[in-house]
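Structure record follows, encoded as structure tokens.
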Protein chains: 2
Amino acid sequence: MNIDRRSGCPINLSLEVFGDRWSLIILRDIIFGGRRHFRELLNGSMEGIASNILADRLKRLMELGMLTRADDPSHKQKAIYSLTEMAITLVPILAHLGAWGRVWLPVSEELSIRAELLEKGGPPMWDKFMNELRHEHLGASPAPSEPTVRATLQAGYDAVIARNARSIGCDPAP
Amino acid sequence: MNIDRRSGCPINLSLEVFGDRWSLIILRDIIFGGRRHFRELLNGSMEGIASNILADRLKRLMELGMLTRADDPSHKQKAIYSLTEMAITLVPILAHLGAWGRVWLPVSEELSIRAELLEKGGPPMWDKFMNELRHEHLGASPAPSEPTVRATLQAGYDAVIARNARSIGCDPAP
DNA sequence: GCAACTGATTGCAAATTGCAATCGGGTTGG
DNA sequence: CCAACCCGATTGCAATTTGCAATCAGTTGC
């Protein structure tokens, strides 16, 4: 569960934090998907994470200081997971990672539109997004101006879905 | 050995390429350490990779198109591993990763000086470095102008080592 | 009361990891 | 020529990690 400290190299230590198959996926779903609860992360995960792995990683990410956990006032058993500043500053890395994957890997169009928009938005968009996350998770920053980055990304995703649905005659609207 | 394709999400696919504890470490040693041979990677690895893991990851990285292998003309048994363009474009990601780790993780001073210099150099330095790597590994680009980025990073590292050695009375020079 | 839902936990088989020993071939020094 | 050494791996094995399915106890809505 704990970090190895194989060496003090920054890249090595970063890898020891999220150099596994699930930690960054979970953070991605929290950051871009806006998921805050265990079930949302479990069922919403495109990659089908197992519940024990999710529980383990959430605990680990909390120990590492990337997430915090709070009770949900609306439900005594629900927990709300929040990003810390440490996790929020991963946004540029995720943006780069998405951009790299889009170039070199067989990404699907629907799922890469967000990465494309984030790449085109560049650092100014990342900063705006990080401020929105700070507002949402840390309750600190001022309320973000509309439209939010997440809404913009989601709109792009929806547009692709709608376009593709129409082109194959599956438009849900008559 | 093969990639799962759990989903077509760029971040997920990127993670499936180097979301393990060793692949990026190997690439880091090739990129920043200038290592090209199996033994160099095996013995030079600060983190102590095992030979079977190294062999497995080199094979995997070749299958993924991140490395190529060529015979060393100077020694019939030696192999030279070269980065592909796909791997060279990881430089900005490694720079971000190093910068992030330097802020949030207990890095050691000697090992993080390179990350610091690379961070301060910013995208222009990354581009110069990538061109040097293209020259070195792909034999394509024009010869880099002196001093090379790798030499600059190494000089920074050596300076820290020398300074620390002096401060504790271990200066090798009399 | 009771079914559905909450965030997990447990048991278990399969895969992965890391370590040590070893391999066959090539090179080197004398 | 030959022994010693170096080369990029490979093998066997024990320990750990992973993923899946089933299950848990407490909470909520009805």
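Remember, predicted model here, so these are calculated numbers, not experimental data.
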[X] side chain, from C-beta outward: closest of [options]:
X      : options                  : result
S51(A) : dT6(C), dA21(D), dA20(C) : dA21(D)
N52(A) : dG26(C), dG8(D), dG11(C) : dG11(C)
I53(A) : dC7(D), dT18(D), dT10(D) : dT18(D)
K78(A) : dT28(D), dT6(C), dG8(D)  : dT6(C)
H75(B) : dG8(D), dT27(C), dG19(D) : dT27(C)
A50(B) : dC19(C), dT27(D), dG7(C) : dC19(C)
Q77(B) : dA20(C), dT9(C), dG26(C) : dG26(C)

Worksheet item: More 5' along DNA chain D: S74(A) or M62(B), using each one's nearest nucleotide?
Response: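 Looking at DNA chain D, the more 5' nearest nucleotide goes with M62(B).
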Rounded to whole angstrom units, what separation is found between the [atom1] atom of [X] and the [atom2] atom of [N]?
X      : N       : atom1 : atom2 : result
K59(B) : dT16(C) : NZ    : P     : 12 Å
D56(A) : dT10(C) : CG    : C1'   : 14 Å
D72(B) : dG26(C) : CG    : C1'   : 13 Å
I49(A) : dT17(D) : CD1   : P     : 16 Å
L41(B) : dC7(D)  : CG    : C1'   : 14 Å
D71(A) : dT6(C)  : CG    : P     : 16 Å
L42(A) : dA22(D) : CG    : C1'   : 14 Å
H37(B) : dG26(C) : NE2   : P     : 18 Å

Fill in: Distance-minimising heavy-atom pair for R150(A) and I31(A)
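The answer is NH2-O, 2.7 Å.
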Verify the contact: side-chain N or O of [X] to OP1 or OP2 of [N], cut-off strictly under 4.0 Å; return yes or no.
X      : N       : result
R57(B) : dT17(C) : yes
W22(B) : dT17(C) : no
R21(B) : dT17(C) : no

Worksheet item: Looking at side-chain heavy atoms only, is the closest gap between L118(B) and M125(B) below 4.5 Å?
Response: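 When only atoms from C-beta onward are counted, M125(B) and L118(B) do touch, with a gap below 4.5 Å.
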Worksheet item: Looking at K120(B) and E116(B), does any basic side-chain N land under 4.0 Å from a carboxylate oxygen?
Response: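 Between E116(B) and K120(B) there is a salt bridge, with a charged N closer than 4.0 Å to a carboxylate O.
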Worksheet item: Between R28(B) and E47(B), is the closest basic N to carboxylate O distance under 4.0 Å?
Response: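 Yes, charged N to carboxylate O under 4.0 Å.
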Worksheet item: Taking for each residue the nucleotide of DNA chain C bearing the nearest heavy atom, is the 5' side occupied by R39(B) or by E40(A)?
Response: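 On the 5' side of the pair lies E40(A).
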Discussion item. Walk me through whether R36(A) and S82(A) qualify under side-chain hydrogen bond (donor to acceptor under 3.5 Å, both in side chains).
Written reply: CA-CA 7 Å; R36(A) 307 294 294 270; S82(A) 297; 2.7 Å; yes
